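Note that the coordinates shown come from a computational prediction; the quantities given were computed from them, not determined experimentally.
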Amino acid sequence: MKDKKTLAISIIVIVLVLAVIFTFGYKLIREWSNSNKGDVISQVPNTSQNEEPDITVDWTLDDYVVYDVEEISFKFALVKVNISSNVALALDLADLTTDESISLGSVDQYLNELAGDGIYLQKLGADFELTSSETAASFTLFVPLINREATSVQLAAPFSSEVLTVDLTKNNTGTKEALGYEEDEVISDEETYQVVVSSALDITGETLYQNGEATTYPATAQLTAFKLKITSLDGSEVKIEEAQYVTAETGDTFLALDSSYGKTEKRSNVINVGVTNTGEGWLFFMTLDPDQTHMSYVGQLKIKINSEWSTIDVNL
């Protein structure tokens, strides 16, 4: 009887132990399973959130004007294009190329020549950034031409298989007047010299050199330059010794910087430079307080040539 009672107790104990083991084992297995399931989920990329849409860009030729101006050493076109995309526009101008292997983002040599004559294509609506908060916009591209006799030019871009062809035999309506050229002002004694005043520029910010070394001038100063072309009519030396400029609006008189200021980073001073054939150079004028004495481009330019003063009215 005692043996049966002991056996029954042993069975109950074993059952309880097995129940405890089963309960904790099941809990551990479930936690392990959930943990691994989370790892698996975290390793699967959320393509619906991270995947960027494919960007598409289309462009078409809208209009253009061809400029073939004698005073400029190259021919060019201003080409208006329409560009559309499925995202806001942010394109690199350097990616646009012509069939003459010109990158439209690397045209500084052409722009510098135009700037030397006071021509800034931004005034004609040229764009040098292809960005917009919209998905469609129009841009006017500056397209220089190497071959002045070319009858067409092609534009290509990596974002489109469409190559735009510009027919250069049409729309040759660009004029020097549209670019801002004015008739040259001329000073001459009809016998020994001729001086042509072709343009006037605000060159504030250009580095100015005095006695061969870069010098500084006040941040409030305005530096203006007049471009001159000098011709000796009889082969004798022509030299501009001094120059003055009197503005028509205020009557303020400005003296040209002397020859110790030999150049800026882009231009050479013509004062005291002897010319026996033909030469070009610049007159530099500075006002230290442009708010009070501003240099305008309408007035009288007085030039002392070979010890004699000559005056000409200018409107540049």
Side-chain angles (χ1 to χ4, degrees), residues 45-69 72-148 150-181 201-202 204-206 266:
N46 188 348
T47 56
S48 63
Q49 294 181 1
N50 297 333
E51 185 176 327
E52 294 184 358
D54 291 334
I55 297 176
T56 60
V57 180
D58 296 308
W59 69 336
T60 57
L61 178 64
D62 186 327
D63 197 6
Y64 61 93
V65 177
V66 180
Y67 290 83
D68 190 4
V69 177
I72 303 174
S73 69
F74 61 94
K75 187 176 178 179
F76 68 91
L78 293 179
V79 181
K80 183 179 180 181
V81 297
N82 300 320
I83 302 179
S84 60
S85 179
N86 58 336
V87 296
L89 296 174
L91 306 175
D92 190 347
L93 191 61
D95 289 336
L96 276 59
T97 57
T98 74
D99 54 354
E100 292 183 311
S101 300
I102 293 179
S103 165
L104 299 192
S106 302
V107 293
D108 284 352
Q109 68 183 89
Y110 303 102
L111 295 176
N112 288 340
E113 178 178 337
L114 294 176
D117 286 332
I119 300 171
Y120 298 93
L121 296 179
Q122 292 89 336
K123 295 180 180 179
L124 296 178
D127 295 297
F128 295 95
E129 291 186 356
L130 303 181
T131 59
S132 173
S133 59
E134 305 295 331
T135 58
S138 296
F139 301 95
T140 299
L141 309 176
F142 168 56
V143 182
L145 304 165
I146 296 176
N147 181 7
R148 200 156 193 154
T151 58
S152 67
V153 63
Q154 292 185 328
L155 302 177
F159 55 72
S160 175
S161 60
E162 184 73 20
V163 175
L164 305 184
T165 300
V166 179
D167 185 350
L168 299 175
T169 65
K170 300 178 180 179
N171 295 3
N172 282 271
T173 56
T175 63
K176 67 178 184 179
E177 288 76 18
L179 294 174
Y181 275 102
L201 303 176
D202 184 343
T204 304
E206 288 189 16
K266 297 181 180 179

Exercise. Hey, does E206 have a side-chain heavy atom less than 4.5 Å from the side chain of L201?
Worked result: no
For this session: State, yes or no, whether a side-chain contact exists between I146 and F74 at a heavy-atom distance under 4.5 Å.
Result: no
Exercise. Does some side-chain heavy atom of S160 sit less than 4.5 Å from a side-chain heavy atom of V57?
Worked result: no
Exercise. Given the rule in the side chain to side chain contact (heavy atoms under 4.5 Å, CB included) test, do T97 and L104 qualify, once you have shown the distances and angles that lead to the verdict?
Worked result: CA-CA 6 Å; T97 57; L104 299 192; over 6 Å; no
Problem set entry | Criterion side chain to side chain donor-acceptor pair (under 3.5 Å) on E113 and S73, from CA distance to verdict | CA-CA 9 Å; E113 178 178 337; S73 69; 2.7 Å; yes
For this session: State, with a plain yes or no, whether a side-chain heavy atom of K75 is found less than 4.5 Å away from one of V66.
Result: yes
For this session: Give the minimum heavy-atom separation between T165 and S152, together with the two atoms involved.
Result: CG2-CB, 4.3 Å
Exercise. Just one of D167, V153, V143 clears the side chain to side chain contact (heavy atoms under 4.5 Å, CB included) bar with Y64, so which one?
Worked result: D167
Seminar exercise, completed: L164 and V81 have their tightest heavy-atom pair at CD1-CG1, 3.7 Å
Would you tabulate the side-chain donor-acceptor contacts of residues 128-140 under 3.5 Å, counting partners in other chains and residues two or more places apart, or write 'none'?
| from | atom 1 | to | atom 2 | distance (Å) |
| --- | --- | --- | --- | --- |
| S132 | OG | E134 | N | 3.0 |
| S138 | OG | N82 | OD1 | 2.6 |

For this session: Give a yes or no answer on whether the side chain of E100 reaches the backbone of L145 with a donor-acceptor pair at less than 3.5 Å.
Result: no
Seminar exercise, completed: Correct closest heavy-atom pair for L124 and A178 would be CD2-O, 3.4 Å
Exercise. Quick one: NZ on K80 to CG on D63, what's the gap to the nearest 0.5 Å?
Worked result: 7.5 Å
Problem set entry | side chain to side chain donor-acceptor pair (under 3.5 Å) contacts in which one or both residues fall within residues 102-112, not counting sequence neighbours | none
Problem set entry | Step-by-step side chain to side chain contact (heavy atoms under 4.5 Å, CB included) determination, L78 to L141 | CA-CA 5 Å; L78 293 179; L141 309 176; over 6 Å; no
Seminar exercise, completed: d(L168 CG, R148 CZ) to nearest 0.5 Å is 12.0 Å
Exercise. After noting the C-alpha distance and the side-chain angles of I55 and S85, does the key distance pass the side chain to side chain contact (heavy atoms under 4.5 Å, CB included) rule?
Worked result: CA-CA 7 Å; I55 297 176; S85 179; 3.8 Å; yes
For this session: Mind checking the CG-CD1 spacing from L96 to I102? Nearest 0.5 Å is all I need.
Result: 12.5 Å
For this session: Can you see which heavy atom on A156 is nearest to which on V163, and at what distance?
Result: CB-CG2, 4.4 Å
For this session: Would you sort out whether L155 and W59 count as a side chain to side chain contact (heavy atoms under 4.5 Å, CB included), showing the intermediate values?
Result: CA-CA 11 Å; L155 302 177; W59 69 336; 3.9 Å; yes
Problem set entry | side chain to side chain donor-acceptor pair (under 3.5 Å) assessment of N171 paired with T173 | CA-CA 5 Å; N171 295 3; T173 56; over 6 Å; no
Exercise. Are any of the side-chain heavy atoms of F76 and L121 separated by less than 4.5 Å?
Worked result: yes
For this session: Specify the closest pair of heavy atoms between T175 and V69, including all atoms of both residues, with the distance to one decimal.
Result: C-CG2, 4.2 Å
Exercise. Are the side chain of N86 and the backbone of T56 linked by a donor-acceptor contact shorter than 3.5 Å?
Worked result: yes
